[in-house]
Amino acid sequence: NAGVTQTPKFQVLKTGQSMTLQCAQDMNHNSMYWYRQDPGMGLRLIYYSASEGTTDKGEVPNGYNVSRLNKREFSLRLESAAPSQTSVYFCASREAGLASYNEQFFGPGTRLTVL
Amino acid sequence: RKEVEQDPGPFNVPEGATVAFNCTYSNSASQSFFWYRQDCRKEPKLLMSVYSSGNEDGRFTAQLNRASQYISLLIRDSKLSDSATYLCVVNLMEYGNKLVFGAGTILRVKS
């Protein structure tokens, strides 16, 4: 099992360009998440999808959109990149349900620089 | 006030030392608690869950005090390979079982 995979690993954009970060998981998890991680700050939730067919905003959704393409795939789109979106982006998945101690699994991250 | 607060460190300790990390959380509705480990430029990985009764996994011991909203992690007999950032994490039922992350505590174990 590959777990959670993300593409690309690195990306450099110019201000105003758009791009889509791809994420897929092979663990049959219902819930998927997108986070960003900036120096000195904890991971912050951008968007999440509690189950296939649903998406919702997290703490920092401005400037982003998401698509839950199917149970496996959850993509994050930057429509018009800004330097403030320079960050490391992590996708994660987790089995849903009442067991709040379910582990959340992370992908390897995408390092994005916006010039 | 941050929802999860940790001492950022770094904690610089010799091999074999015992080191303790503390964490406080602000939301009394927090339901479950974890320590994740993050190596440099890698993704976070679950180190251990933290239960009300306290729990141990080898050299690692985690404690939870719900009344004080305080979580701790104790590492005994530190190894070079323990060098990493340790993230305190709490789970809220909102946001589809949202995990709230502390900014992390850096541990450097030196020979």
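Chain A is the first sequence line, chain B the second, and so forth, proteins listed ahead of strands; every chain is numbered from 1.
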If you take all heavy atoms of [X] and [Y], which pair is closest and at what distance?
X: B/L99; Y: A/Y35; result: CB-OH, 3.9 Å
X: A/F10; Y: B/R41; result: CE2-NH2, 4.1 Å
X: B/A103; Y: A/G40; result: CB-O, 3.5 Å
X: B/Q38; Y: A/F90; result: NE2-CZ, 3.7 Å
X: A/G107; Y: B/E43; result: O-CB, 2.9 Å

Would you kindly confirm whether [X] and [Y] end up in one hydrophobic cluster when ILVMFWY residues are joined by side chain heavy atoms under 4.5 Å apart?
X: B/I75; Y: B/M48; result: yes
X: A/M19; Y: A/Y64; result: yes
X: B/V100; Y: B/F34; result: yes
X: B/W35; Y: A/L43; result: yes
X: A/Y33; Y: A/V88; result: yes

Is it the backbone or the side chain of [X] that comes under 4.5 Å from a heavy atom of chain A, or both, or neither?
X: B/V50; answer: backbone
X: B/Y51; answer: both
X: B/P44; answer: both
X: B/L87; answer: side chain
X: B/F33; answer: both

field: Winner by heavy-atom pair count (cut-off under 4.5 Å) against chain B, out of A/G42, A/S51, A/S49, A/P39
entry: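 If we count pairs closer than 4.5 Å to chain B, A/G42 comes out on top.
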Gap separating the NZ atom of B/K45 from the CD atom of A/E103, nearest 0.5 angstrom: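 Atom-to-atom, B/K45:NZ and A/E103:CD are 10.0 Å apart.
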message: With heavy-atom distances below 4.5 Å as the criterion, would you say the side chains of B/Y36 and A/Q104 are in contact?
response: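 Yes, side chains in contact.
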task: Can you tell which part of A/R111 gets under 4.5 Å to a heavy atom of chain B, answering side chain, backbone, both or neither?
output: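 Interface part for A/R111: side chain.
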